[in-house]
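Here's the structure we're looking at; comments come further down.
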Amino acid sequence: MALALPDLAPDYTLRTVALGAMLLGLSSGVVGTYAVLRRESLLGDAMSHAALPGIALAFLLTHSKESALLLAGAVAAGWLGALLVSAITRTTRVKLDTALGLILSVFFGFGLVLLTFIQKQPDASQAGLDRFLFGQAASLLRRDVMVMGAGTVAVLLAVLLLWKEFKLLVFDPDFARVLGLRVRLLEVILTSMIVLAIVVGLQTVGVVLMSAMVVAPAAAARQWTDRLGLMVLLSALFGVVAGMSGALISSLTPRLPTGPTIVLAVSGLVLVSLLFAPNRGLVWNWARERGRRGQVRAEGMLRQLAALAEHHGSLEHGHPSAVLRASGWSPEQVEHVLHDLESAGYVRQVGADRWAITAAGMARVRPAAEAENAGDAPARPAASGTEVTGEGQP
Amino acid sequence: MTAPQIEIQLIAAIVAAACALPGAFLVLRRMALISDAISHAMLLGIVVGFFLTEDLNSPLLILGATLTGLLTALLVELLHRTGLVREDAAIGLVFPALFSIGVILISRYAGSVHLDTDVVLLGELAFAPFDRVVVAGWDIGPKGLYAGGVILLINAALIALFYKELKLATFDPGLAAALGFSPAAIHYGLMGVTSLTAVGAFDSVGAILTVALFIAPAAAAYLLTDDLARMLFLSVGLGVAAALSGYWLAFLLDASIAGSMATMAGVIFGLAWCFAPERGLVAAARRRARQRWEFAQRMLAIHLLNHERQPGAEPELQVEHLWQELRWDREFATRVVSLAEGRGLITRQNGRLELTDRGRLLAEESLLA
């Protein structure tokens with residue numbers, strides 16, 4: 001990836017933008033996997049909105065435009081937001097959704113108060129804090145990218161070092177507790193990683209939409225695999241692809257805000273994954289459902305013919321297709337099923353619109369008829385379930 | 001106060017009250033984040049509607065944007081129903097996409113229309129008094145006042161009309177469904193009201209901060225009462241308080257009115273969190289402290305009861321002995337003894353403790369329980 005960059009982005013700004021977007025996609029893709037699997041998708045939303053007053057306060061206190069400083073403010077505020085969410089849900093009967101919405105909107109509102117307050121200050125120009133709202137990849141400097149790189153490295157290191165622990169935390173926290181792992185500490189580390197990943201992306205995507213970068217790549221990756229390792233890799237890949245394409249398109253097009261463009265790119269990836277991912281994808285499911293329905297119909301038709309043949313005591317007696325119509329079947333469907341069965345050799349035509357079961361057909365129906373009482377519950381596709389719990393464990 | 005100032009406060013208060021009513025049900029039904037999704041996503045409806053009608057208060061725009069809100073709720077549910085993603089992720093996938101399209105449309109066509117990202121985030125409450133309704137040459141007040149008023153009336157009327165149904169469906173959805181109230185009708189009814197309210201509030205406080213007006217007053221009220229009707233009135237009252245105090249905070253700081261309203265809504269929740277009479281942090285801490293002393297006194301009474309029956313247990317009844325026997329430190333033991341003495345549970349004679357009849361009763365009761 002790094003080798004291809006110079007060709008892809010010859011000029012300095014574009015290279016910085018592409019690099020920044022890559023780091024953004026990498027860190028939020030990796031962290032998002034854990035957030036999505038732990039059903040904490042929207043914690044990122046609350047934390048990214050909560051980062052805004054941190055940025056504004058950092059600027060008010062230091063009057064510095066240094067992004068490392070502003071982002072430190074963002075980390076502190078995002079952390080405080082997460083802390084408050086957990087404190088509210090622990091000490092009151094207010095539920096998680098309300099606590100998240102509350103922290104998100106109140107922190108963001110306070111951030112906007114500070115931003116408008118800063119705007120009115122005579123000595124300090126706005127300091128380009130606006131760029132943190134919807135993101136502005138073009139404003140990235142080399143220094144910013146270094147800060148983002150440090151954040152990404154921290155996130156990746158934590159994932160590598162605590163791989164097994166996090167895996168257990170995601171899929172079976174109770175077992176982790178029994179094993180003596182410090183679950184609370186691990187949760188705190190995971191929360192810190194989400195905060196870090198959000199902060200890495202803030203300048204590019206903005207506080208309003210950053211949560212999408214945590215949720216979307218992971219949700220897309222989840223459709224393609226049941227294994228945690230692969231999901232993390234895919235999620236990072238989706239994040240990088242969406243981040244880079246969105247950031248480059250928006251930098252090359254006037255008046256196209258970066259954050260929304262990246263979000264649309266990643267949403268496209270999600271849509272494709274939801275529709276076409278093998279096993280889980282909607283199209284795949286639909287085709288399977290259709291195939292199964294046809295199979296059930298053929299089975300029913302064959303049994304019907306077998307019953308008729310037994311009634312008449314002969315395999316030679318043909319029956320018109322109109323007789324074979326079960327309730328709810330159209331004549332076309334009957335024809336279709338009969339022809340399918342004929343080409344499979346289970347049914348033959350013994351005259352114009354006269355159908356009879358063959359010996360092979362009888363042989364096929366017999367064991368099926370015996371098995372009928374043993375348990376005929378329709379098999380449901382296990383793969384379309386929502387539960388990931390337990391999957392991907394060794 | 002000047003006339004525009006009064007008008008701004010009136011509009012802010014009415015909008016906050018209109019939001020607080022459905023907000024109470026959103027909080028109780030654990031759907032707070034769907035309101036977040038709706039108020040973000042309807043930006044798209046508002047932008048498209050605005051391109052078509054060029055009027056933020058046009059009924060067509062309000063209808064279109066309300067439908068966008070409903071569509072968002074529907075999309076979240078459909079996505080969730082596929083079984084491919086969980087509900088929280090479904091919310092997190094739907095609204096950023098719709099909101100992004102809205103923001104891109106605004107940025108691309110900013111300048112040609114009078115709608116920019118600041119309006120999206122902050123609304124334009126400060127300019128609300130300039131947009132007047134003029135009937136037959138008579139100026140009868142700002143448009144925002146009427147729009148907010150109508151929405152408030154609709155919300156209040158719907159809640160009054162369907163109060164029993166909403167209450168039942170919120171607290172016992174199973175029974176409500178068994179009695180024939182369609183859960184879907186109630187769900188989408190509430191989503192529709194939320195969308196309509198968010199459209200109305202959008203103009204004043206912007207897309208994101210409507211969430212604060214929906215959730216914060218209702219969450220604070222939730223900590224203050226167990227009664228639904230009281231919670232609704234409290235939500236409205238706290239919402240109005242947040243709006244008015246927010247206005248003056250903005251006036252002092254010369255900052256965003258909408259942001260200040262959201263901030264004050266958060267402050268009000270914080271106050272409720274700390275000082276709510278029964279559920280607040282302070283009340284909980286005091287209850288814990290009281291229980292600690294109460295428990296210690298019962299322990300003392302039980303200890304004395306156990307030993308007064310034994311012959312030769314004289315040393316056990318000495319105050320000095322307590323801190324060894326019950327593992328209390330001396331200060332704590334002294335305090336407990338004087339508390340118990342004050343309540344008439346024990347008497348003290350030259351350092352020797354003796355249970356009164358009342359104390360004996362308490363000890364026996366405690367042992368039985």
Could you give me the CA-CA distance, side-chain angles and deciding distance for A:Arg38 and B:Asp88, then say whether salt bridge (Lys or Arg N to Asp or Glu O under 4.0 Å) is met? CA-CA 10 Å; A:Arg38 278 172 52 84; B:Asp88 60 330; over 6 Å; no
Within a 6.0 Å radius of atom CZ on B:Arg81, are there more than 12 heavy atoms belonging to other residues, nucleotides or ligands? no
Select one option (side chain, backbone, both, neither) describing which atoms of A:Val270 are under 4.5 Å from chain B's heavy atoms. side chain
Which portion of A:Ala265 sits near chain B, non-hydrogen atoms under 4.5 angstrom: neither
What closest approach, in Å, do B:Leu93 and A:Ala219 show between heavy atoms, and which atom pair accounts for it? CD1-CB, 3.9 Å
Less than 4.5 Å apart, any side-chain heavy atom of B:Met264 and any of A:Phe110? no
Region of A:Ile103 that comes under 4.5 Å of a non-hydrogen atom in chain B: neither
For chain B, which of A:Ile88, A:Leu96, A:Leu104 has the most heavy-atom pairs under 4.5 Å? A:Ile88
Under 4.5 Å from any heavy atom of chain A - which part of B:Asp36: side chain
Heavy-atom cut-off 4.5 Å, strictly under: side chain, backbone, both or neither for A:Ile262 against chain B? neither
Go through A:Ala216, A:Pro257, A:Ser267 and name the one with the most non-hydrogen pairs under 4.5 angstrom from chain B. A:Pro257
Give the member of A:Leu256, A:Val36, A:Val263, A:Val266 that has the highest number of heavy-atom pairs under 4.5 Å with chain B. A:Val263
Determine the option with the most heavy-atom pairs under 4.5 angstrom with chain B, choosing from A:Ala99, A:Pro260, A:Gly44, A:Ser211. A:Pro260
With a 4.5 Å cut-off on side-chain heavy atoms, are B:Ile91 and A:Val215 touching? no
Check whether any side-chain N or O of B:Arg279 sits under 3.5 Å from a backbone N or O of A:Thr92 as a donor-acceptor pair, and report yes or no. no
Chain A contact via B:Ile34 - which portion, at a heavy-atom distance below 4.5 Å: neither
Can you tell me which residue pairs pass the side chain to side chain donor-acceptor pair (under 3.5 Å) test with a partner in residues 15-33 of chain B, sequence neighbours excluded? none
With no hydrogens and no angle check, is any side-chain donor or acceptor of A:Arg222 less than 3.5 Å from a backbone partner on B:Leu84? no
Parallel, tilted or perpendicular: which one describes the rings of A:Phe134 and B:Phe99, with boundaries at 30° and 60°? tilted
Checking heavy atoms, do the side chain of B:Leu281, its backbone, both or neither come under 4.5 Å from chain A? side chain
For residues 268-276 of chain B against chain A, heavy atoms under 4.5 Å, the residues are B:Phe269, B:Trp273
May I ask you to test the A:Leu209-B:Ser100 pair for a side-chain heavy-atom distance under 4.5 Å? yes
Based on non-hydrogen pairs under 4.5 Å, which of B:Gly246, B:Pro96, B:Gly280 is most in contact with chain A? B:Pro96
Engaged part of A:Ser250 at the chain B interface, taking heavy atoms whose separation is under 4.5 Å: neither
Checked A:Asp45, A:Asp97, A:Leu114 vs chain B; the most non-hydrogen pairs under 4.5 Å come from A:Asp97
Proximity of residues 210-219 of chain B to chain A, residues having a non-hydrogen atom under 4.5 angstrom: B:Val211, B:Ala212, B:Ile215, B:Ala216, B:Ala219
Side chain / backbone / both / neither for A:Ser41 at chain B, heavy atoms under 4.5 Å: both
Out of B:Leu28, B:Ile104, B:Leu79, which one racks up the most heavy-atom pairs below 4.5 Å with chain A? B:Ile104
Who in residues 247-262 of chain B is close to chain A, using a strict under-4.5 Å heavy-atom cut-off? B:Leu253, B:Asp254, B:Ala255, B:Ser256, B:Gly259, B:Ser260, B:Ala262
Side-chain heavy atoms of A:Val106 within contact of B:Thr263, under 4.5 Å: no
I need the A:Thr98 OG1 to B:Leu33 CG distance, nearest 0.5 Å. 7.5 Å
Closest non-hydrogen atom pair between B:Tyr222 and A:Lys95, with its separation: OH-NZ, 3.4 Å
Of the listed residues (A:Val214, A:Leu112, A:Leu100), which shares the most heavy-atom pairs with chain B below a 4.5 Å separation? A:Leu112
Heavy-atom distance under 4.5 Å to chain A: side chain of B:Met31, backbone, both or neither? backbone
